[in-house]
Amino acid sequence: MEIKYADNVTLTVEITDQMVKDYRKCGKLANENDGFAPCDSCSNNIDIMDVGLCEIPEVREELERRAKK
């Protein structure tokens, strides 16, 4: 998927099956632990300008869509 931020800035993200699996696991852990889930071993644990990859709205929407399948 590509996220266009400006005329000369496009973020390209390839969402893998592992990323979707980790996103599901994170949601489950967060529900069990009062909203906290450890990010250390998560494949989505990539910071882009101090924002986690899974916190970018377009990426989160796609992860949620695929996690429901």
Side-chain angles (χ1 to χ4, degrees):
M1 74 182 297
E2 291 187 346
I3 303 165
K4 187 170 183 161
Y5 286 101
D7 288 339
N8 60 342
V9 179
T10 302
L11 174 65
T12 302
V13 179
E14 180 180 345
I15 296 180
T16 65
D17 291 341
Q18 184 63 46
M19 292 168 73
V20 175
K21 181 179 174 183
D22 289 348
Y23 187 77
R24 280 190 195 114
K25 180 180 174 184
C26 178
K28 182 179 176 187
L29 289 172
N31 286 335
E32 294 172 354
N33 297 311
D34 296 323
F36 176 77
C39 297
D40 298 349
S41 62
C42 181
S43 59
N44 295 302
N45 188 21
I46 299 168
D47 286 337
I48 300 171
M49 296 176 56
D50 294 327
V51 175
L53 185 61
C54 64
E55 296 175 299
I56 297 172
E58 296 88 345
V59 174
R60 177 172 285 198
E61 289 171 12
E62 185 63 17
L63 285 167
E64 288 175 0
R65 186 184 73 73
R66 292 186 189 193
K68 290 179 182 176
K69 289 184 177 181

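It should be emphasised that the depicted structure is a prediction, and the values quoted were computed from it without experimental measurement.
Listed by chain and number, the residues in a side-chain contact (heavy atoms from CB on, under 4.5 Å) with Q18 are T16, K21, D22, S43 (sequence neighbours excluded). For R65, the side chain to side chain donor-acceptor pair (under 3.5 Å) criterion is met by E62, not counting sequence neighbours.
Put simply, V20 and L29 are part of two different groups of oily side chains (I, L, V, M, F, W, Y) that touch within less than 4.5 Å, one to the next.
A distance of 9.5 Å separates CD in E55 from CG in L53, rounded to the nearest 0.5 Å. Taken from CG in D47 to CG in N45, the straight-line distance is 6.5 Å, to the nearest 0.5 Å. Distance check, rounded to the nearest 0.5 Å: CD1 of I56 to CD1 of I3 gives 5.5 Å. Put simply, CD on E2 and OG1 on T12 are 4.0 Å apart, with the number rounded to the nearest 0.5 Å.
Nearest heavy atoms, M19 versus N44: O-ND2, 3.0 Å. Here the closest heavy-atom approach between residue C54 and residue L63 is recorded as CB-CD1, 4.1 Å.
For D17, the CG atom is loosely surrounded, since the number of other residues' heavy atoms within 6.0 Å does not exceed 12.
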